[in-house]
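Reviewing the structure listed below.
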2 protein chains.
Amino acid sequence: MTNTRYTVAIHVLTLLAYAGPEALTSEFIAGSVNTNPVVIRRILAGLREAGLVRSQGGPGGGWQLLRAPEAVSLLDVLRAVDTEASFPLHATPPNLACPVGRSIQAILTGHFRTAQAAMERELARVSLRDLLEDVKAQPA
Amino acid sequence: MTNTRYTVAIHVLTLLAYAGPEALTSEFIAGSVNTNPVVIRRILAGLREAGLVRSQGGPGGGWQLLRAPEAVSLLDVLRAVDTEASFPLHATPPNLACPVGRSIQAILTGHFRTAQAAMERELARVSLRDLLEDVKAQPA
DNA sequence: CCAAATCGAAACCATCATGGTTACGATTTG
DNA sequence: CAAATCGTAACCATGATGGTTTCGATTTGG
């Protein structure tokens, strides 16, 4: 998880929620995120596979949110972009002739999963609607 | 957090705990991790700064754990290697002229911190002693 | 007191992920 | 039919990562 796709995905979805039923073009969205439209389309393509948004070509086309903002959690978005959110193990497998090397991966996998689950539980508690409220509550 | 240093650090510390008072050389440790001794020394240098281990040059030298295994948690190790464990924000700052772009970073920072804290709470519950027990409990 | 062992650290490298960019075809709308 | 928009492949620059070599400094033990 060194990449910014998760953050961009949340940003874009919040923007779509903010826009309501109106379709937004990747060019417009790229203007808010401050990047290239192709980058936006790449990320939105993943969100579309997950059933969160739909796209339409041609004039007047663009992207729309498919669910109510309160029905999309930050965990849903994480799953949709599914960028490795957990801890990677060794670059090359450890030495199996060593008692520690032999067992450490299985042991760590369990503990990492537990920690990851706790994080996901928190992400599941926040929805796009919460973000929208935060955005609208902002001064001037 | 795309790097494997956290996993390697835990592996190495578990090995030192396993070895007890005996000093282990970076070459020996590299044999268990299955990598280059310099990589091990690099990671151990960070753990030494954090006060977790000490090193000694010369024949008979090597690395030793400075604390009791039950006094070192996985969170302590994470802090010691301090590789970015959280979610990165945008690659380039969002457009401040957009209501969403203007506020999204501050909003997300808060939610990410909460999620991260939940994860760290779990990591704090596991110590090197727990790992050692898991290693020793392993069959044949 | 010397030889060997070990760490410390810099320098360099190959590989890969990432984000950005260009380009162009396909589709859809009006 | 023309313009807008998406879809996607291809390519690129950049930076992080893990590995490797090298050599000096320190320490130990004989």
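Only this structure's heavy atoms are used, side chains among them; waters, hydrogens and symmetry mates stay out. Protein chains get the first letters and strands the later ones, always in sequence-line order, with residue 1 at the start of each.
With contacts defined as side-chain heavy-atom distances shorter than 4.5 Å, the pair A:S32/A:L15 qualifies. The shortest distance between side-chain heavy atoms of A:Y6 and A:L123 falls below 4.5 Å.
Under the Watson-Crick or G-U wobble criterion, with both distances below 3.5 Å, C:dG30 is paired with D:dC1.
Rounding to whole angstrom units, CG of residue B:L89 and P of C:dT18 are separated by 16 Å. Rounded to whole Å, atom C1' of D:dA16 lies 20 Å from atom OH of B:Y6. The distance from atom CG of B:N36 to atom P of C:dC7 is 12 Å, rounded to the nearest whole Å. The interatomic distance linking A:H90 (NE2) with D:dG18 (C1') rounds to 13 Å, in whole Å. Rounding to whole angstrom units, CD1 of residue B:I43 and C1' of D:dA16 are separated by 14 Å.
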Please enumerate all protein N or O atoms sitting under 3.5 Å from an N or O of nucleotides 13-16 of chain C, with distances to 0.1 Å.
none

Expected list for residues 66-81 of chain A: side-chain donor-acceptor pairs under 3.5 angstrom, two or more places apart:
residue, atom, partner, partner atom, Å
A:R67, NH1, A:A71, O, 3.3
A:S73, OG, A:L75, N, 3.2
A:S73, OG, A:D76, N, 3.0
A:S73, OG, A:D76, OD2, 3.2
A:D76, OD2, A:S73, N, 2.9
A:R79, NH2, A:E120, OE1, 2.6

Side-chain donor-acceptor distances from residues 104-112 of chain B under 3.5 Å, at least two apart:
residue, atom, partner, partner atom, Å
B:Q105, NE2, B:H90, ND1, 3.0
B:T109, OG1, B:Q105, O, 2.7

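In terms of the side chain to side chain contact (heavy atoms under 4.5 Å, CB included) criterion, residue partners of B:A30 (sequence neighbours excluded) are, by chain and number, B:P37, B:I40. Applying the side chain to side chain contact (heavy atoms under 4.5 Å, CB included) rule to A:E133 yields the partners A:R129; only residues at least two apart in sequence or on another chain are considered. Under the side chain to side chain contact (heavy atoms under 4.5 Å, CB included) criterion, B:N34 pairs with A:T92, sequence neighbours left out. With sequence neighbours excluded, no residue satisfies salt bridge (charged side-chain N to carboxylate O under 4.0 Å, His left out) with A:R48. The side chain to side chain contact (heavy atoms under 4.5 Å, CB included) test applied to B:R125 returns B:E122, not counting sequence neighbours.
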Seminar exercise, completed: Per-nucleotide protein contact along nucleotides 4-11 of chain D, 5' to 3', at a 4.0 Å heavy-atom cut-off (B base, S sugar-phosphate only, - neither), is BBBBBBB-

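Picking from C:dG20, C:dG19, D:dT17 the nucleotide with the shortest atom distance to the side chain of A:T35 gives C:dG20.
A:N3 has no side-chain polar atom (N or O) that falls below the 4.0 Å cut-off from OP1 or OP2 of C:dA17.
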